[in-house]
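Everything below concerns the one structure shown next.
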Amino acid sequence: QVHIAEFGGGSVQTGGSLRLSCVVSGSTFQHNTLAWFRQAPGKERELVAVSTFHGRTRYSDSVKGRFTISRDNSKRTLYLQLNNLGPEDTAVYYCNVGEWDGNYTPTNFWGQGTQVTVSS
């Protein structure tokens, strides 16, 4: 049974930074492709960043250059560094264990999410 737990959300002002963490248990972490999604109120969940099992990263255009995804396989933890935040980044951020064939396909393994709120 895969279990996912996200941490690190909070409230910051525009231009601020946060670091999100996602701990994954019950899977072969080092062989997993993992991703961060976010969902703002009234909007669909969107893919933010991907970390493939062979070390590649992908970002949505809206966060490229501001967010950095990384992983520590020894700690079974996925990170997302959020810099230069703006109100448009306000959302619940979720971690997902998925599949990669050049595109990311999410599975049903989700965490509870962590809230990021950016005030102007």
Side-chain angles (χ1 to χ4, degrees):
Q1 182 74 18
V2 176
H3 184 261
I4 297 173
E6 301 98 337
F7 305 94
S11 296
V12 297
Q13 292 187 329
T14 296
S17 298
L18 286 170
R19 189 193 195 201
L20 308 183
S21 300
C22 166
V23 179
V24 181
S25 60
S27 74
T28 53
F29 185 89
Q30 66 271 26
H31 300 306
N32 291 148
T33 290
L34 303 159
W36 285 99
F37 285 74
R38 68 183 180 185
Q39 188 166 19
K43 295 187 177 181
E44 293 186 356
R45 192 170 296 188
E46 65 168 337
L47 180 64
V48 173
V50 177
S51 171
T52 72
F53 65 90
H54 43 49
R56 295 181 180 177
T57 59
R58 294 290 187 272
Y59 298 92
S60 68
D61 288 343
S62 60
V63 306
K64 198 173 296 182
R66 300 188 299 122
F67 292 7
T68 303
I69 191 170
S70 61
R71 62 197 291 166
D72 185 334
N73 288 340
S74 67
K75 296 181 179 180
R76 306 180 63 85
T77 302
L78 180 73
Y79 302 100
L80 187 67
Q81 178 67 41
L82 290 67
N83 294 331
N84 194 21
L85 285 162
E88 68 277 10
D89 298 313
T90 295
V92 178
Y93 285 70
Y94 297 92
C95 182
N96 181 258
V97 178
E99 299 173 352
W100 177 259
D101 61 357
N103 293 295
Y104 186 82
T105 301
T107 64
N108 290 327
F109 299 122
W110 297 94
Q112 81 287 350
T114 186
Q115 176 72 48
V116 172
T117 302
V118 185
S119 59
S120 57

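The shortest heavy-atom contact between S120 and P87 is CB-CG, 4.0 Å. Counting all heavy atoms, side chain and backbone alike, R66 lies closest to L85 at NH1-CA, 4.0 Å. Taking every heavy atom of both residues into account, Y59 and T68 meet most closely at OH-CA, 3.4 Å. Nearest heavy-atom pair, V48 versus V63, reported as atom, atom and distance to 0.1 Å: O-CG2, 3.6 Å. Q112 approaches A5 most closely through the heavy-atom pair OE1-CA, 3.7 Å. When all heavy atoms are compared, the tightest approach of Y93 to L80 is CD2-CD2, 4.2 Å.
Note that CG of D89 and CZ of F67 are 4.0 Å apart. Values are rounded to the nearest 0.5 Å. Between atom CG of residue L20 and atom OG1 of residue T77 there is a gap of 12.5 Å, rounded to the nearest 0.5 Å. Residue T57 holds its OG1 atom at 13.0 Å from CG of L34, rounded to the nearest 0.5 Å. Between Q39 atom CD and E44 atom CD the span is 8.5 Å, to the nearest 0.5 Å. Expressed to the nearest 0.5 Å, how far OG of S25 lies from CZ of R76 amounts to 6.5 Å. Once rounded to the nearest 0.5 Å, the distance linking OG1 of T52 with CG of N32 reads 11.5 Å.
In the model, S17 has a side-chain atom that pairs as donor or acceptor with a side-chain atom of N83 under 3.5 Å.
Geometrically, R19 engages Y79 in a cation-pi contact defined by less than 6.0 Å to the ring centre and at most 45° from the axis. For the pair R45 and W110, the cation sits on the ring face: its NZ or CZ lies under 6.0 Å from the ring centre, inside 45° of the axis.
Side-chain contact between W100 and H54 is present, with at least one heavy-atom pair separated by less than 4.5 Å. Taking the side chain as every heavy atom from C-beta outward, Q1 and H3 never approach each other to under 4.5 Å. Residues V12 and L18 meet the side-chain proximity criterion, which asks for heavy atoms closer than 4.5 Å.
By the criterion of side-chain heavy atoms lying less than 4.5 angstrom apart, applied directly or through intervening Ile, Leu, Val, Met, Phe, Trp or Tyr residues, I4 is grouped together with W36 in one hydrophobic cluster. A continuous path of ILVMFWY side-chain contacts below 4.5 Å connects F29 to V2, so both sit in one hydrophobic cluster. If you chain together hydrophobic residues whose side chains sit under 4.5 Å apart, Y94 and V24 never meet in one group.
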> Do L47 and R58 pass the side chain to side chain contact (heavy atoms under 4.5 Å, CB included) test, and can you show the C-alpha distance, the side-chain angles, and the key distance before you say yes or no?
Replying inline: CA-CA 10 Å; L47 180 64; R58 294 290 187 272; over 6 Å; no
> What do the steps show when you test R38 against S62 for side chain to side chain contact (heavy atoms under 4.5 Å, CB included), and what is the final call?
Replying inline: CA-CA 12 Å; R38 68 183 180 185; S62 60; 3.4 Å; yes
> Given the rule in the side chain to side chain contact (heavy atoms under 4.5 Å, CB included) test, do F7 and T114 qualify, once you have shown the distances and angles that lead to the verdict?
Replying inline: CA-CA 6 Å; F7 305 94; T114 186; 5.8 Å; no
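For N108, the CG atom counts as loosely surrounded, since its 6.0 Å shell holds 12 or fewer non-hydrogen atoms of other residues, nucleotides or ligands.
Legend: residues meeting side chain to side chain donor-acceptor pair (under 3.5 Å) with E88, ordered by chain and number and at least two apart, are absent.
No side-chain donor-acceptor contact under 3.5 Å links S51 to the backbone of S70. No donor-acceptor distance shorter than 3.5 angstrom exists from the side chain of T33 to the backbone of E99, with no hydrogens or angles considered. Distance alone, capped at 3.5 Å, places no donor-acceptor pair between the N84 side chain and the G16 backbone.
Ring pair Y104/F37 is tilted by interplanar angle, where 30° to 60° counts as tilted.
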